[in-house]
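So the structure is just underneath, and the comments pick up after that.
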Amino acid sequence: MAQAERRPEPAVGPRRASPWMDEFWVRRLQSLLGLIPIGAFLIFHLYVNLLATQGPTEYNTLINTLEHMPLLIFIEVFVLYLPILFHAAVGFHIVFTPELNVTRYPYGRNIHFYLQRLTGVIAFIFLAYHVVTLRLIPGLNDTHVTFALVQSQLRQTWILILYLVGAIGTIYHFANGLWSFAIHWGIAVGRRAQRAMAYVSAGVFVVLTLVLVRIVLAFAS
Amino acid sequence: MAKETVRLRVRRQEAPGAPARWEEFELERTPNMNIIFALMQIQRRPVTADGRATTPVFWESNCLEEVCGSCSMVINGKARQACSALVDQLEEPITLEPMHSFPVVRDLAVDRSRMFADLMRLKAWVPIDGTYDLGPGPRQSAEDQAWRYHLSRCMTCGVCVEVCPNYTVDNDFVGAFAINQVRLFNTHPTGALNRNERLDALMGPGGIQECDNAQNCVRACPKEIPLTDSIAAMNRAVNARAFMRWLDR
Ligand code: HEM
C-alpha cells in the first residue's frame, strides 16, 4: 500500500496561556469593567452634572458635598482609576492587534467595530485631559471645582470642541459597548435579540448625548 | 451586443514567501462563464493581455457547486467561492487574489491546514472509536436535526476567517467556523458527552475571547450559517463553564 503523504505541521499552534492570568479572564474582566463600574459611573456622572441646569449655587453645593464624601480617594482609585486603566490597557492591545478592513467590507457591524476602537482612543485622550484639568490640578492646588471654573473652560472654543467630541465619543463607546457586552456574555444570542440590543444601544446613545448637550449648554450660555 | 472578451487581473506568486506581481489576461467570453472557467482558459493558453507567454495560474477547486470549499479566493476585493462567481455579474477588470489570512502556496492557492489543526484542537468531532461496539446513539427529534443541519453545512472554505479583522496570518484565533463546529457537536446528543472538553479548549489561548463582534463572518459565509448566533451561544456556554469550574474548585 502506498505510504500516505504526511500532512505538514500546522503553521500556527496555540500559545501557552499567560502565567499570571488566563487570557480568557483578562478579556472577560475588561468587558465587565466597561459596564461596571466604568459605564455605571458615566451615567451617574452625567446625571449629577445635569444639576448645572439648575444654576451655579445648586451645582456648587452638590460638588462641595461630593468632594467631602467619606473614603473619596479610596473610591476614586479602586472604583475609577484602576478599572479604567485596566480596561484601557487591554483596550489599547485590542485596538492595535486587528487588521481593520472597513474599506473592504463596509458592513454596518464592521463600521461599529471600527468606531468602537476609534472612540476608545478618543475616550482615553479626553478622560486624561478631563481628569488632569478638573481633578488633578485643582486637587494639587487645593482649590475647589466650581460652576465658574467649568464655565471659564467651556467658553473657550477649542475646549468646547474637545468636550463635545470627547464626551460624545465616550458615550458612543459605552452605548455600542452595551451591544457588544450582550454578545460577549451570551445575553443576546439569536439574530432578533441581537438586533433588539442594537436598538437599545442606539437609544442609550441618543438619550445620553441629549443629556450631554443640555449640560454643555448650561455651562456655555 | 455583449462584449466578446473578459479582462482579468491576477495576483501571481511563484512559491510561499516569493514576491508577488500582477498579470492581466484578456479572455474569450462565453455564456454563464464563472471564474473557474476563466482560469481554465488561462491554463489552456497562458498568455497575458499584452501577448507575453507566462506560466498557467495555479488555483484549487473541486466540486464546482459550492459545497467543497476549496476554491475560496478574493474576487474584486471580496472573499468568496470562485465557482459561484459569475463573470457577467462582476465589474471589470476582475481582480483575483489569494486569501491573505493563510500562507500562499502558489498564485491563488493557500494553505488552510491551520483550520483543520484548530478543529482538532477544539475536538470538533464525535468520538466513537474504541475497542467495543458502543451501540446506537440516542434518537434526535426531527426539529433538532433541522436546526442543527444549518450549522452542519460548513465546508471549511475559510471565507469567514478571511473577512475577520481579528483573524490574522500570525495570530492563533480559532475563528467563526471553529466556534460554530463546537456548537454543532456540543448540541449533538452523543457529542454532548464531551461538551466540557470542547468548551475548555474554546476558552484556551486563541479561543472565543478573541472575537469582538465585527460580524463580517456571517455576512460573508457562502453557506449562510448563523455564525454570530453560534458565537453568542458559545459565549454563554463558555462563561457558564468558566464560572462553574472556578467556583467548584
Ligand atoms: C468612560 C470610559 C469607558 C467606558 C464607559 C467604556 C465602556 C466599554 C464597554 C461597555 C465596552 C464593551 C465591552 C464588551 O464588548 O463586552 C467596552 C469595550 C471596549 N473598550 Fe471601553 N470604555 C471606556 C474607556 C475605554 C478606553 C480609554 C479604551 C482605550 C483604548 C477603551 C477600549 C475599549 C475597547 C478596544 C473595547 C472593545 C472590546 C471588545 O470589542 O471586545 N475603552 N468599553
Side-chain angles (χ1 to χ4, degrees), chain A residues 7-18 22-32 90-91 94-95 97-117 120 176-177 179-195 197-198, chain B residues 16 74 77-79 100-103 111-118 120-121 162-174 200-220 226 228-240 242-243 246:
Chain A
R7 220 171 234 300
E9 289 296 315
V12 182
R15 273 165 294 130
R16 268 190 313 129
S18 133
D22 240 85
E23 249 167 69
F24 176 80
W25 287 109
V26 170
R27 294 296 298 266
R28 287 299 185 257
L29 182 61
Q30 196 256 1
S31 163
L32 182 66
V90 180
I94 302 172
V95 167
T97 43
E99 283 177 4
L100 298 171
N101 58 10
V102 261
T103 44
R104 198 170 259 239
Y105 302 105
Y107 306 146
R109 288 303 352 159
N110 200 23
I111 295 170
H112 284 295
F113 175 89
Y114 170 74
L115 290 176
Q116 183 72 4
R117 274 134 196 82
N176 187 54
W179 175 84
S180 183
F181 181 93
I183 294 172
H184 278 141
W185 292 87
I187 299 164
V189 168
R191 197 161 296 189
R192 192 201 51 85
Q194 291 190 13
R195 173 160 308 182
M197 195 59 215
Chain B
V74 178
K78 301 253 191 299
H100 80 300
S101 293
F102 300 98
D111 178 2
R112 287 178 296 137
S113 47
R114 167 177 172 187
M115 297 182 77
F116 302 100
D118 284 339
M120 288 195 277
R121 207 166 115 193
E162 167 68 11
V163 301
C164 174
N166 280 9
Y167 190 101
T168 60
V169 78
D170 52 9
N171 74 2
D172 60 2
F173 177 35
V174 294
D200 290 349
L202 192 56
M203 59 179 119
I208 193 171
Q209 69 276 3
E210 304 263 315
C211 169
D212 289 324
N213 308 318
Q215 300 205 336
N216 290 345
C217 53
V218 74
R219 296 278 303 251
T228 45
D229 297 23
S230 289
I231 291 170
M234 288 301 96
N235 269 326
R236 181 186 286 180
V238 156
N239 290 349
F243 279 109
W246 193 72

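Counting heavy-atom pairs closer than 4.5 Å to chain A, the top-ranked of the candidates B/Arg219, B/Met203, B/Met234 is B/Arg219. Comparing B/Thr168, B/Asp212, B/Ile208, B/Val74 by how many heavy-atom pairs each has under 4.5 Å with chain A, the most go to B/Asp212.
Of the atoms belonging to A/Ile187, it is backbone heavy atoms, and not side-chain ones, that fall under 4.5 Å from chain B. Heavy atoms of A/Ala188 lying under 4.5 Å from chain B belong exclusively to its backbone. Heavy-atom distances place both the backbone and the side chain of A/Arg109 under 4.5 Å from chain B. Heavy atoms of A/Arg28 lying under 4.5 Å from chain B belong exclusively to its side chain. Using a 4.5 Å cut-off between heavy atoms, A/Glu99 contacts chain B through both its backbone and its side chain. A/Arg117 touches chain B through its side chain: at least one heavy atom from C-beta onward sits under 4.5 Å away, while N, CA, C and O do not. In this structure, no portion of B/Ala240 lies under 4.5 Å from any heavy atom of chain A. Interface remark: A/His184 contributes backbone and side-chain atoms alike to the contact with chain B (heavy atom separation under 4.5 Å).
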Step by step, would you call B/Asn166 with B/Glu210 a side-chain hydrogen bond (donor to acceptor under 3.5 Å, both in side chains)?
CA-CA 7 Å; B/Asn166 280 9; B/Glu210 304 263 315; over 6 Å; no

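Ring geometry, B/Phe243 versus A/Trp25: the interplanar angle exceeds 60°, so the pair is classed perpendicular (tilted spans 30 to 60°).
With a 4.5 Å cut-off on side-chain heavy atoms, B/Met115 and B/Asp118 do not count as touching. No side-chain heavy atom of B/Gln209 sits less than 4.5 Å from a side-chain heavy atom of A/Asp22.
Checked by atom type and distance alone, the side chain of A/Glu23 never pairs as donor or acceptor with a backbone atom of B/Gly204 at under 3.5 Å.
Listed by chain and number, the residues in a side chain to side chain contact (heavy atoms under 4.5 Å, CB included) with B/Cys217 are B/Cys160, B/Ala176, B/Leu227, B/Thr228, B/Ile231 (sequence neighbours excluded). By the ring pair (Phe, Tyr, Trp, His ring centres under 6.0 Å) test, A/Tyr114 pairs with no residue at all, sequence neighbours left out.
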